[in-house]
Amino acid sequence: MKAMLYADWMNFRQSIRSILFVLVVFAATALVWNKLMFFNFIVVMLSIMIPTTLFAADQAYGWNRLSLSLPILRHEAVASRFLLALAVNLTLFACSLVFATFYCLAHGQPQALMENYVSVLACEAVAVIMIGVEMAVAFKWGIQKAGYIMLAAFFLPLALVFAAVSLEIRIPLLAAAGRWLAGVDERRFVFLLLGCLAVALMVYLLCYRVSVRLYRKKEL
């Protein structure tokens, strides 16, 4: 397992500078535009790029085929990738919390800390689910197809909601959900998001189990 983690880390670390550059640029943009949600959204997008970076490096160096021929356990190869992706995601999550705190204090809005933390939790739950699903799809069909599928799964619902709002089309389910969320107090909303994060982690574990089964059936 340690050897697999080291190999995945060596592949991934080449992208660290690019990720840090993107974080710094969008953190500065969020401060200038006074839009913290913009930074949180970018963190989600960077998290989704983690599997792409790992699998693309495998294909570039031929590690994806070499690992299948080595006497290593398939579940360890999958586990190392899921652990590294989760570790990077949690690092981005911590960056979001730190930036949210700095943002509120810098703008003299300490009362908005809880609201921003809620936003970070929501983005983290979405990111964890999307990373897990993307990894499972990548083990089945490859990272290129997985990228297209995840883009469609992410942007198509947003486009539909945006179109419905722009055309003033009433969606009873969304309207009811909006009214219910508006009536939930802040403390209950935090517990709701923590529950969503717990569900996201369970989905991530399920995606790991599915990926192990898929990778065990994979041949050279």
Side-chain angles (χ1 to χ4, degrees), residues 1-23 41-97 120-121 123-155 196-220:
M1 170 69 85
K2 291 182 179 180
M4 296 302 300
L5 275 172
Y6 179 74
D8 286 331
W9 168 250
M10 292 299 291
N11 286 335
F12 179 78
R13 71 173 189 172
Q14 301 177 35
S15 303
I16 291 178
R17 289 184 179 179
S18 300
I19 292 175
L20 289 176
F21 176 76
V22 173
L23 279 176
F41 180 77
I42 293 301
V43 169
V44 173
M45 295 304 296
L46 285 175
S47 295
I48 298 172
M49 288 172 59
I50 296 171
T52 303
T53 302
L54 290 171
F55 282 86
D58 271 5
Q59 293 179 3
Y61 297 109
W63 175 246
N64 54 337
R65 293 185 176 275
L66 178 61
S67 61
L68 289 172
S69 63
L70 294 175
I72 57 176
L73 298 175
R74 297 290 180 93
H75 75 272
E76 289 187 353
V78 177
S80 70
R81 191 150 299 179
F82 270 80
L83 285 174
L84 180 59
L86 186 60
V88 177
N89 167 258
L90 291 176
T91 303
L92 293 173
F93 176 57
C95 290
S96 296
L97 291 175
V120 173
L121 281 174
C123 290
E124 173 64 7
V126 172
V128 169
I129 291 175
M130 295 196 74
I131 291 172
V133 173
E134 185 178 1
M135 298 256 272
V137 175
F139 276 111
K140 176 64 176 178
W141 290 300
I143 193 59
Q144 290 183 337
K145 290 183 179 179
Y148 295 138
I149 292 172
M150 294 309 296
L151 281 175
F154 187 74
F155 286 108
C196 291
L197 187 56
V199 171
L201 290 172
M202 287 189 286
V203 172
Y204 193 78
L205 179 60
L206 177 62
C207 290
Y208 162 72
R209 297 287 188 183
V210 171
S211 298
V212 170
R213 289 192 176 188
L214 292 172
Y215 198 58
R216 280 174 175 167
K217 296 178 182 178
K218 195 169 185 178
E219 301 295 338
L220 282 171

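Start at 1 with the first residue, then count along the sequence. None of the values given here were measured: they were computed from a predicted structure.
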Taking all non-hydrogen atoms of both residues, which atom of Y204 and which atom of F82 are closest, and how far apart? OH-O, 2.6 Å

Measure the OH-CZ distance between Y208 and F139 for me, rounded to the nearest 0.5 Å. 10.0 Å

Do E124 and N89 make a side-chain contact, defined as non-hydrogen atoms from C-beta onward lying under 4.5 Å apart? yes

Correct closest heavy-atom pair for S15 and T53 would be OG-CG2, 3.0 Å

Report yes if the side chains of M202 and V199 come closer than 4.5 Å at any heavy-atom pair, otherwise no. yes

What's the spacing between I129 CD1 and L197 CG if we round to 0.5 Å? 9.0 Å

Considering all heavy atoms of both residues, which atom of A146 and which atom of E134 are nearest to each other, and what is their separation? CB-O, 3.8 Å

Write down the atom of A136, the atom of L214, and the distance for their closest heavy-atom approach. O-CD1, 3.5 Å

Just how far is it from atom OG of S18 to atom CG of L23, taken to the nearest 0.5 Å? 11.0 Å

What closest approach, in Å, do V44 and V126 show between heavy atoms, and which atom pair accounts for it? CG1-CG1, 4.4 Å

So NE2 of H75 and OG of S80: to nearest 0.5 Å the spacing works out to 10.5 Å

With side chain to side chain contact (heavy atoms under 4.5 Å, CB included) as the test, would you mind laying out the steps for I19 and I50 before giving the verdict? CA-CA 10 Å; I19 292 175; I50 296 171; 5.6 Å; no

Of all heavy-atom pairs between T52 and I48, which one has the smallest distance, and what is that distance? OG1-O, 4.0 Å

